[in-house]
Amino acid sequence: SRDEPTTIAFAAQAVAWLGRDFDTALAAMERAVRMNPNSAHIIMRSAWLRIWVQDPDRAISEFSRAIRLSPVDPEIGFSLGGLAYAYLMKGELETALEYARRSAHEVPRWLPAWTAVVVAAIRNDRLQEAQEAAQRILQLSPTYTVSSRINVFREVEFHEMMADALRKAGLPE
């Protein structure tokens, strides 16, 4: 529907994820947020799009707002994971690791949470924690490889940094 904000938000994510048309996705997401500015679900999706275009400050603001709007949301772990990625982008590594751990606790079967733990732990020189998180990834997805990860980021540098950290933690190429 052209006028249903949740549908527009889902479509914006699909356009970014599958089509890598970030400008169209951002415009659509802005429309969805304008149409329903108090939807924690839509704001969380907007924040993830901000991660993909590497706008960590806006992502932090939006993830934090989504959490404030719905503090007991059963999907809060996805916002916590997004905060981990945003703080990784900003180089605030201790904060990133804290949010990554919280995300993995909230959604223990979600691979991106464990990926954030691995990357943040490696960046914080906590090899053992990174290796334990890498083992968790392999328990959840035995065929997981570094090269099979989809790059959803507009710029390749962050994706490459993550891949390097995953390799250092012992995940297979």
Side-chain angles (χ1 to χ4, degrees), residues 1-93 95-120 137 140-141 144 148-163 166:
S1 170
R2 293 177 43 91
D3 295 322
E4 207 294 299
T6 302
T7 302
I8 295 168
F10 275 112
Q13 272 196 311
V15 166
W17 183 279
L18 301 172
R20 299 191 58 77
D21 184 350
F22 295 105
D23 293 332
T24 299
L26 287 166
M29 193 64 79
E30 288 289 335
R31 182 167 183 244
V33 171
R34 272 194 317 274
M35 293 172 75
N36 193 349
N38 293 316
S39 168
H41 185 76
I42 291 171
I43 293 168
M44 178 190 63
R45 291 188 176 285
S46 178
W48 272 108
L49 182 54
R50 298 297 170 177
I51 291 293
W52 300 343
V53 299
Q54 291 168 282
D55 183 357
D57 292 324
R58 175 87 179 257
I60 290 167
S61 174
E62 289 185 342
F63 282 126
S64 298
R65 183 161 182 249
I67 291 168
R68 282 192 312 275
L69 285 169
S70 188
V72 294
D73 191 329
E75 294 185 346
I76 198 168
F78 301 117
S79 289
L80 296 170
L83 285 166
Y85 284 90
Y87 282 109
L88 277 169
M89 285 178 181
K90 289 177 64 77
E92 296 181 27
L93 304 178
T95 304
L97 183 55
E98 175 187 328
Y99 279 113
R101 289 172 180 150
R102 289 177 61 192
S103 177
H105 175 77
E106 290 290 332
V107 280
R109 299 192 58 77
W110 188 47
L111 289 178
W114 291 105
T115 301
V117 172
V118 169
V119 174
I137 289 172
L140 293 169
S141 180
Y144 183 94
S148 68
R149 293 181 56 252
I150 297 171
N151 179 14
V152 296
F153 303 101
R154 182 173 6 199
E155 307 299 327
V156 72
E157 293 81 14
F158 188 75
H159 176 77
E160 289 175 352
M161 179 278 297
M162 289 182 58
L166 294 168

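- A donor-acceptor pair is defined here as one N or O able to donate and one able to accept, closer than 3.5 Å; no such pair exists between the side chain of Ser148 and the backbone of Tyr144.
- At least one donor-acceptor pair closer than 3.5 Å links the side chain of Arg20 to the backbone N or O of Phe153.
- For the atom pair CG of Leu140 and CG of Leu111, the computed distance is 5.5 Å after rounding to the nearest 0.5 Å.
- Remark: Asp23 engages Arg154 in a salt bridge, criterion side-chain N to carboxylate O under 4.0 Å.
- At a threshold of 4.5 Å between non-hydrogen side-chain atoms, the residues Arg45 and Met29 count as touching.
- Salt bridge annotation for Glu30-Arg58: present, with a cationic side-chain nitrogen under 4.0 angstrom from a carboxylate oxygen.
- Contact check for Ser79 versus Trp48: no side-chain heavy atoms found under the 4.5 Å cut-off.
- For Ser141 (side chain) and Ile137 (main-chain N/O), no donor-acceptor pair under 3.5 Å exists by modelled atom type.
- A heavy-atom distance below 4.5 Å is found between the side chains of Phe63 and Ile51.
- No side-chain heavy atom of Ile76 sits less than 4.5 Å from a side-chain heavy atom of Ser70.
- Glu4 contributes a side-chain N or O that, together with a main-chain N or O of Thr7, makes up a donor-acceptor pair within less than 3.5 Å.
- Scanning all heavy atoms of the two residues, the minimum distance from Ala86 to Ile60 falls at CB-CG1, 3.5 Å.
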Show the numbers, then the answer: is there a side chain to side chain contact (heavy atoms under 4.5 Å, CB included) between Val119 and Phe158?
CA-CA 11 Å; Val119 174; Phe158 188 75; 5.9 Å; no
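- Counting only heavy atoms from C-beta outward, the side chains of Arg149 and His159 approach each other to under 4.5 Å.
- A donor-acceptor contact shorter than 3.5 Å is absent between the side chain of Glu106 and the backbone of Gly77.
- Between Phe78 and Trp110, a ring centre-to-centre spacing shorter than 6.0 Å is recorded.
- In this structure the side chain of Tyr85 never reaches within 4.5 angstrom of the side chain of Tyr99, judged on heavy atoms.
- Using modelled atom types, no side-chain atom of Thr95 and backbone atom of Tyr87 make a donor-acceptor pair closer than 3.5 Å.
- Distance check: Leu49 CG to Met44 CE gives 12.5 Å after rounding to the nearest 0.5 Å.
- Once rounded to the nearest 0.5 Å, the distance linking CD1 of Ile42 with OG1 of Thr6 reads 4.0 Å.
- Considering every non-hydrogen atom in both Met35 and Pro5, the closest pair reads CB-CB, 3.9 Å.
- Looking at Trp114, its side chain does come within 3.5 Å of a backbone N or O of Pro108 through a donor-acceptor pair.
- For the residue pair Ala116 and Ala84, the shortest heavy atom distance occurs at CB-CB, 4.1 Å.
- Note that OG1 of Thr115 and CE of Met162 are 5.5 Å apart. Values are rounded to the nearest 0.5 Å.
- In terms of heavy-atom proximity, Ser64 sits nearest to Leu83 at OG-CD2, 4.1 Å.
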Side chain to side chain contact (heavy atoms under 4.5 Å, CB included) between Leu80 and Glu98: does it pass, once the steps are laid out?
CA-CA 9 Å; Leu80 296 170; Glu98 175 187 328; over 6 Å; no
Is there a salt bridge (charged side-chain N to carboxylate O under 4.0 Å, His left out) between Asp57 and Lys90 once you walk through the steps?
CA-CA 8 Å; Asp57 292 324; Lys90 289 177 64 77; 2.6 Å; yes
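- Expressed to the nearest 0.5 Å, how far CG of Asp55 lies from CD of Glu62 amounts to 8.0 Å.
- When side chains are defined from C-beta on, His41 does not count as touching Asn36, because their heavy atoms never get closer than 4.5 Å.
- With sequence neighbours excluded, no residue forms a salt bridge (Lys or Arg N to Asp or Glu O under 4.0 Å) with Asp21.
- By the 4.5 Å heavy-atom criterion applied to side chains, Asp73 and Ile67 are not counted as neighbours.
- Between Ala32 and Ala9 the shortest heavy-atom distance is CB-N, 3.9 Å.
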